[in-house]
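To keep things clear, I will list the structure first and then write my remarks on it.
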Number of protein chains: 2
Amino acid sequence: MSGHLMQAAVVPVPAAAALGAERPAKLRRVTTADAIFDRLYADILALRMPPGMQLQEKRIAEEFNVSRTPVREALLRLSEGGLVDIYPQSGTVVSRVPVSAIPEAVVVRKSLEGTTVERAAEIATPADIARLESIIARQRSLAALGDTFAFHEEDEAFHEAIAGIAGYPGIWTILKTVKVQIDRARRLTLPALGRMDNVVHEHELIRDAIAGHHVEAARAAMMHHLGAVIPDVAELRTRYPDYFC
Amino acid sequence: MSGHLMQAAVVPVPAAAALGAERPAKLRRVTTADAIFDRLYADILALRMPPGMQLQEKRIAEEFNVSRTPVREALLRLSEGGLVDIYPQSGTVVSRVPVSAIPEAVVVRKSLEGTTVERAAEIATPADIARLESIIARQRSLAALGDTFAFHEEDEAFHEAIAGIAGYPGIWTILKTVKVQIDRARRLTLPALGRMDNVVHEHELIRDAIAGHHVEAARAAMMHHLGAVIPDVAELRTRYPDYFC
DNA sequence: TCCTGCATACTAGTATATCAATTTATTCCG
DNA sequence: CGGAATAAATTGATATACTAGTATGCAGGA
C-alpha cells in the first residue's frame with residue numbers, strides 16, 4: 001500500500017446507488033473518496049484486511065496521501081454495507097463476518113435470483129443466450145487455468161447478465177450488497193478447484209433452461225446452483241474463530 | 001425548519017445498516033449527521049421537500065446551525081438511497097421519482113415478501129399472531145379516524161412484524177430502502193380513505209393464513225395485497241409532471 | 001490481591017478555510 | 001444583432017484545525 005492516488009479522471013458514472021437511483025446520464029468525476037472506497041472494498045473482500053483488523057482514518061489518510069475527509073466518506077459507505085464497524089470516538093474495525101446473517105443472505109439470493117431467472121427465461125432473445133454462452137466459455141478456460149480470482153469475476157458477470165436480461169438491473173445492485181458477506185466467507189474456503197467445473201456445468205443448465213424458455217426448469221437450476229455454494233460456516237468458524245461473530 | 005439541534009443524546013443504535021451489519025450491542029451517539037439525515041429523509045418522504053427541489057449544503061447547514069460537514073454526510077447517504085441527486089460542482093436536488101424503477105421495486109417486494117410470508121406461515125407461534133392482530137386492531141381505529149399518516153406507520157409495522165416472525169430482519173432492511181420510492185409515489189395519491197378498509201381486510205387474510213400455517217394461501221394473500229397497492233403512475237405523471245422522470 | 005478513580009493518550013465528530021470546477025452572465029468582435 | 005469567448009459567482013471537493021467522547025493504564029486505597 002503506497003504512493004500517490006490517481007486524480008480527477010472523468011468517466012461515466014458507474015451504475016452506483018440503489019434501485020431507482022440512476023443518475024441522469026451525466027458525467028461524474030471519479031472522486032478520491034470513490035477510489036479509496038474501491039481499494040478498501042477490494043482489500044476487505046480479498047481478506048488482505050482480515051475481519052477484526054483495526055482501521056484508523058488518520059493512518060489510512062497518510063497511506064494514500066490524502067486528507068481524512070475522503071477516507072471518512074469511504075469508511076461511512078463501507079459501514080453502510082456492513083463491511084466495517086465504526087465506534088464513535090473509539091475506533092473503526094473491519095467487521096467480522098456475521099455468521100447469523102449468512103443463511104438469510106442465501107435466502108435473499110434464492111428469492112431474488114429465482115424471480116429474476118424466471119423472468120429472463122420468459123423473454124430472453126438469442127442474443128442474450130449468446131452473451132451467457134460467451135461468459136460460460138471464458139469460465140471454462142479460466143477453470144482450466146485454475147484462475148480462481150478471474151473465474152469469480154466471470155461468475156458475477158453471469159448472474160448480472162441474467163438480471164440484465166430480465167430487465168432488473170436494480171435487483172442486481174441489491175444482490176451485490178447481499179452477496180458480499182457470503183463471498184467473504186467463501187474466500188476462506190480453500191480454492192476448491194474441482195468446484196469450478198461444477199459451477200460451469202450448473203451455469204450451462206441455467207443457460208439451457210433460459211434458452212428453452214423453461215421457466216420452472218430455470219428456477220430449479222438456479223435454486224440448485226445457489227444451494228450448492230453455501231459455505232460450511234460451522235467448519236470455518238472453528239478454523240478461523242475470530243473472523244466471525 | 002428552525003432553531004438548534006438536539007445534541008449528543010445516547011441511545012442504542014437503531015437497527016441501521018444493511019443485511020448482516022448489526023452493530024455489536026453497543027451504545028452509539030446519535031450523531032449530528034444522523035439527526036439531519038432523519039430530518040431530511042422525513043421531509044422528502046412527506047413531500048415537504050418535493051421532487052426537483054433545489055438543496056444547498058450551505059443553506060441547510062445554516063438552517064440547522066451546524067457546519068457543512070454533517071450536512072454533506074447526510075446528503076451522501078440520501079443520494080445512496082436514491083432520494084437526492086448530487087451533481088458535482090453544480091447542485092443537489094431532491095430526486096424525481098423514477099417511474100421506470102417502480103415496477104421493479106414492486107417485483108422486489110413481491111419476491112422478498114412472498115418468501116418471508118411463507119416462512120412466517122411455517123413457524124409462527126400464537127404470540128406472533130397476537131402481535132399481528134394488535135397491529136391490525138390499531139389500524140382499524142386509525143382507519144376509522146381517517147389518520148392516514150399513523151395508518152401508514154402501522155402498515156409498515158405489520159410488514160416488519162412478518163419479517164421478524166420469519167426470522168429475516170435483514171430482509172426488512174432491504175425492503176425499507178426499496179419501498180421508499182413506491183411510498184413517495186403513493187403519497188401523491190389523494191388520501192383514499194376507502195382504501196384503508198381494504199388494506200385492513202387484506203391484512204386480516206394474511207394473518208389468518210399465517211395463523212393456519214397455510215403457506216400457499218399466505219403467499220397468495222400477500223401477492224394480492226402487494227399487487228393492489230401499485231400506484232397509478234401513468235395518471236400521477238400527468239397530474240404532477242415534474243415530480244417524475 | 002483486587003477494585004476504584006483519575007490522568008493520559010488516543011479516536012471519531014465537527015467546524016472552518018481553501019481549492020477547483022462548472023454554470024451563468026456579460027462583453028466584445030464579427 | 002448574434003455567437004463565441006471570457007470573467008464572475010456559485011458550489012462541490014479537499015485539507016487543516018479543533019472539540020469532545022472513550023479506552024487504557026497506573027496509583028492508591030480497601
Side-chain angles (χ1 to χ4, degrees), chain A residues 4-13 16 23-40 52-80 84-95, chain B residues 4-13 16-17 23-40 53-80 84-95:
Chain A
H4 265 107
L5 206 58
M6 51 294 196
Q7 292 279 18
V10 173
V11 296
V13 51
R23 294 280 189 300
K26 194 132 200 200
L27 255 45
R28 158 149 222 196
R29 278 184 65 217
V30 55
T31 174
T32 307
D34 289 333
I36 292 175
F37 173 86
D38 290 343
R39 178 66 173 273
L40 294 178
M53 179 179 175
Q54 280 267 15
L55 298 180
Q56 295 177 23
E57 289 183 359
K58 193 180 164 192
R59 199 178 54 73
I60 296 172
E62 285 166 358
E63 268 169 15
F64 286 94
N65 286 324
V66 298
S67 79
R68 272 179 55 206
T69 310
V71 173
R72 179 174 173 72
E73 285 176 6
L75 287 175
L76 282 169
R77 278 168 63 190
L78 288 169
S79 102
E80 280 181 43
V84 304
D85 291 329
I86 300 177
Y87 300 95
Q89 276 74 48
S90 168
T92 302
V93 298
V94 176
S95 71
Chain B
H4 265 108
L5 204 58
M6 50 298 196
Q7 291 281 18
V10 174
V11 296
V13 52
R23 293 280 190 299
K26 195 127 201 208
L27 255 46
R28 156 149 223 194
R29 273 184 72 215
V30 54
T31 175
T32 308
D34 289 333
I36 292 175
F37 173 85
D38 290 343
R39 178 67 173 273
L40 294 178
M53 177 179 176
Q54 279 268 18
L55 299 179
Q56 298 176 21
E57 288 184 0
K58 193 180 164 192
R59 200 179 52 71
I60 295 172
E62 284 166 359
E63 268 170 14
F64 286 94
N65 284 325
V66 297
S67 78
R68 277 175 57 199
T69 309
V71 174
R72 178 174 175 73
E73 284 177 7
L75 288 176
L76 281 171
R77 279 168 62 189
L78 287 168
S79 101
E80 280 181 44
V84 305
D85 291 329
I86 299 177
Y87 299 95
Q89 280 73 46
S90 168
T92 301
V93 298
V94 177
S95 71

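Below, chain A is the first sequence line, B the second, and so on; all start at residue 1. What you see below is based on every heavy atom in this structure, not just the backbone, and it leaves out hydrogens, waters and symmetry mates. Remember, it's a predicted structure, so these values are computed and weren't measured experimentally.
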Where each residue is assigned the nucleotide of DNA chain C containing its nearest heavy atom, which of B:Ser67 and A:Gly91 is assigned the position nearer the 5′ end? A:Gly91
Describe the nucleic acid contact of A:Leu75 in one word from base, sugar-phosphate, nothing, applying a heavy-atom distance below 4.0 Å. nothing
Length of the CG-P vector between B:Leu55 and D:dT11, whole Å: 11 Å
In terms of side-chain heavy atoms of B:Arg68, which of D:dT22, D:dA13, D:dT16 is nearest? D:dA13
Interatomic distance, B:Glu57 atom CD to B:Arg68 atom CZ [nearest 0.5 angstrom]: 5.0 Å
Is there a donor and acceptor pair closer than 3.5 Å between the side chain of A:Ser90 and the base of D:dA23? no
Between C:dA15, D:dT22, D:dA17, which nucleotide has the shortest distance from any of its atoms to the side chain of B:Pro70? C:dA15
Given C:dG13, D:dT11, D:dT16, identify the nucleotide with an atom nearest to the side chain of B:Gln56. D:dT11
B:Arg72 side chain, from C-beta outward: closest of C:dG13, D:dG12, D:dA15: D:dG12
Winner on side-chain proximity to A:Ile86, out of D:dA13, C:dA12, D:dT22, is C:dA12
Go nucleotide by nucleotide along DNA chain C from the 5' end; which of A:Thr92 and A:Thr69 gets its closest nucleotide reached first? A:Thr92
Do the side-chain N or O atoms of B:Thr31 get closer than 4.0 angstrom to the phosphate oxygens (OP1, OP2) of C:dT14? yes
Can you find a side chain N or O atom of B:Thr32 that sits less than 4.0 Å from OP1 or OP2 on C:dG13? no
